[in-house]
Each structure stands twice: as structure tokens, then as C-alpha cells.
Amino acid sequence: MRMVAVLAVAALLTASSCGSGDDDKPPPSTVEVFTWWAEGGEKAGLDALVTRFNADCPGQRFENGAVAGGAGVNAKQALTQRMARHDPPDTFQAHAGAEMTDYIDAGQVEDLTAYYDSWGLREALPAGLIDDLTVHGKIYSIPANIHRANVIWTNPTVLSRAGITAPPNDLPSFIANLSALKAAGIEAPLALGRDWTQLMLLEAVLITDLGPDGFAGLFTGETDWSGSPVTKAINDFTVLLSYGNLDRDTLDWPQAERLLIDGQAGYQLMGDWEAADLTAKGFPGYGWFTFPGNGKTFQWLADSFTLSTGASNISGTECWLKTVSSASGQQAFNAAKGSIPARTDIPSTGFSPYQRSAMADWKSTTPVPSCAHGSACSQPWQTAVNAALNAFSTTHDPKTLQSALAQAATQFIRE
Ligand code: BGC
């Protein structure tokens, strides 16, 4: 089956292009696109891509297979079940990096290397990203964007009521600001959500306490999860949690974001999908800064799209992937999604002030990957870490958390 699909892809590359269907023999016309982009800025991004797809791919119809839930918590489970039933969507969203290897190892995605050559993607995408996507010489997905994870979003009105007018320079000043907000009557100044969002906060603190190299080494085996810098980071993380809302474990990220919008919190750490979402939700006056102490570190992740093994509409999916990879597709999608284009040849006009700053930073900062969003960790590793954080959220036992994190690394670090 897999070989048949590979041959079909190769044939399509030479024989067809988007929308040039043979009138006598119409191809299957529906492309099921599976994502977790179901509302707010995420849906706006998807809609913008669909508009391009409709223009680029006449005769093909987009079918929305989205399953809601931040960071794909529900979608990934639903996808696993569909894969087990041999009922995959034609294409699905997956994070570039370690997370893709789960699908590659299981033979669930087709080799797309030929597209890179025929669509000029080797020139259009950064070499480092292509390296991160390449597994044993082959590439299995097409990146749509680059998101940044280590950003704090603010409600400037709430901050100014506590006399806070500038971003903190380091973690102690950030904690001092959180205290000032509490003193000014904001009970939970740091908006928090469930497990994976807490992992994002812990990762940001780890970047501050270990530096970019030490942090990146946690995922390659070069940095010891049992060491004292990680102990310090867990202590700092615990202090930060004490400034957050107590119902954190029951909230997805948009619900935690709502606390910021409504003025019940002054700060939220979240990936830069929040920029587009705040705008989509009528709150364009947000502020932002890189997590205190992260310096010139850009914690990156990239949404990419696959061709499922056993996809029922290969030519339509090819056209979807081509739109995703194209300059016009990436311009339209990213402007609405809050991310920046993965392609390097797209001008910054038409992007928000936040996005223009992220584009500049992406060129001048040190990239580190994200565990919560798959560029650093496989899915089983993410699951183990999220479970450890869930437990910690109730037990508050830092030693058990650190040993669970160390154990997960030992179990899941790849050669
Ligand atoms: C995805 C983003 C998405 C975010 C929140 C991340 O894992 O890469 O595209 O906006 O989750 O759902």
C-alpha cells in the first residue's frame, strides 16, 4: 500500500499540477484536513489557508477534520484511534521535529522529499528547519509556519494600575511585579492553564536557569535532569505557580487567556498563537515580552502537514500541501494565525507589529526546541511529562517531579 502511494506521488509530480483534473475522469474531490484549529485566531488562520486552497485547487473541496483542544491534546488521541482503524485523514497537522518521528516510525506518513525538490522548498525554507525535518535522508511533512513559545502576554491596563510600565529584566523582577499586582488586589496575576501550558512555563524557567545550551541538552542527554540547576528551576516554577489561579488544571489556554482579557490577571505565558487570538477576541491592546531571563533565545515550534499513508485523495492532498508551502499560502495563513512564515522570502508587510518583531528575532536569536509542542520531545515523552506536572499540581512535591522528569528523559531520549 505504502509503495503504491509513493509511486502515485511520483507520477503526480511529473504528470499533474493543481486543478488540472481530467474532465472525463474526475479525481476524488474531497481533501480531509485534520488539525486542532477550531476557534479564534487558530480558526482564522485555517480559514485563510482554505481560501488560498480553494483558489489554487479548483475541483477540490476542503473537508474540516478539526478536533478542538489546545496543543492537540484531544486531536492526537483521536488521530491515533483513526490510524488504528486504518481510517486516516488525507493530511494532518503535526509538529516538526521529534514528534514527527512517531508517525514516521509507525509508517503512517509518506515520504515528501520529491516535493521539496520540485517546489523549490530547499531554497525557500531555512536549512536548519529542513535538517530538523529530515529523518534518514527523507522529509515527511511540509512546514506552514514558525511559532515562538517563550512569550509573556500582558494586559497593560492591569499592569499600570499596579504601577508597572516596563517589562521586567529578569526572573526576580518578574516575581516582584507579580507581588505588586497581588498587593494591588489582583488575586491571581499570572493566568495559568492545564498540564501542557504548565510545561511551557517550566520550560521557559529552565531556559532562564540553564541557558539555551543547557536547556537544549535536556533533550539530547547532554544535560542532567537530576542536576541542581533543574532543582532550582523547579523551585522558581513553584514560586510562579503560587501567583496563578487555583483552577489551573481545568482550563485550556483560551480560558486562561480569558482571565487576562477580563483583567483578572496581568500576565500569561503562551505561544504566539495568542497574538492572533487576542486580536480575534477583540483585545488588540495587549503587550508582550520574551520570558524574563530567556535573553536572546527563541523557543521555536513549527506546524507542518503530512500526506497520510493510505490517503484516499492523493492529488487533492498534493494540492493542499503545495498551497501550504507556497509564498501566498504562508503569507495569508501566518498573517491570520499569529505565527511567522517558515519560508524566508516573504516580506513583513501585512503582518502585525508583534509578528514583525518575531520575524526580526527569528533571524537574530538562538533557537531552542519545545517539548510541549513536539520539536524537542516525542509524544510518549510529552505524555509522561504532562502526567508528572499534573501530579505535581496537586502534590506540590518537587523531588518527585524532578525524578519523574529525569526518568522520562532516560526512557525517551533517542540515540
Ligand atoms: C500548535 C499551534 C496552536 C497551539 C495551541 C500548538 O501545539 O503548534 O498551532 O495554535 O498548539 O492550540
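For ligands, and for the atoms within them, numbers begin at 1 and follow the listed sequence. Below, each value reflects all heavy atoms present in this structure, side chains not excepted, and no hydrogens, waters or symmetry copies.
Closer than 4.0 angstrom to ligand 1 lie heavy atoms from W36, W37, E42, G70, A71, Q93, H95, H147, W253, W273, L301, D303, K337, H373.
Partners of P167 according to the side-chain contact (heavy atoms from CB on, under 4.5 Å) rule, which considers only residues two or more places apart in sequence or in another chain, are F289. Every residue meeting the ring-ring contact (aromatic ring centres under 6.0 Å, His included) condition with F215, not counting sequence neighbours, appears here in chain and number order: F219.
Within the structure, every pair that satisfies the side chain to side chain donor-acceptor pair (under 3.5 Å) test and touches residues 46-55, not counting sequence neighbours, is listed here: K43-D47, R52-D56.
Side-chain N/O atoms of Y140 and S304 include no donor and acceptor closer than 3.5 Å.
The pair D345-R343 meets the salt-bridge criterion, with a side-chain N (NZ, NE, NH1 or NH2) lying under 4.0 Å from an Asp/Glu carboxylate O. Contact check on R82 versus D87 returns a salt bridge, with a Lys/Arg side-chain nitrogen under 4.0 Å from an Asp/Glu carboxylate oxygen.
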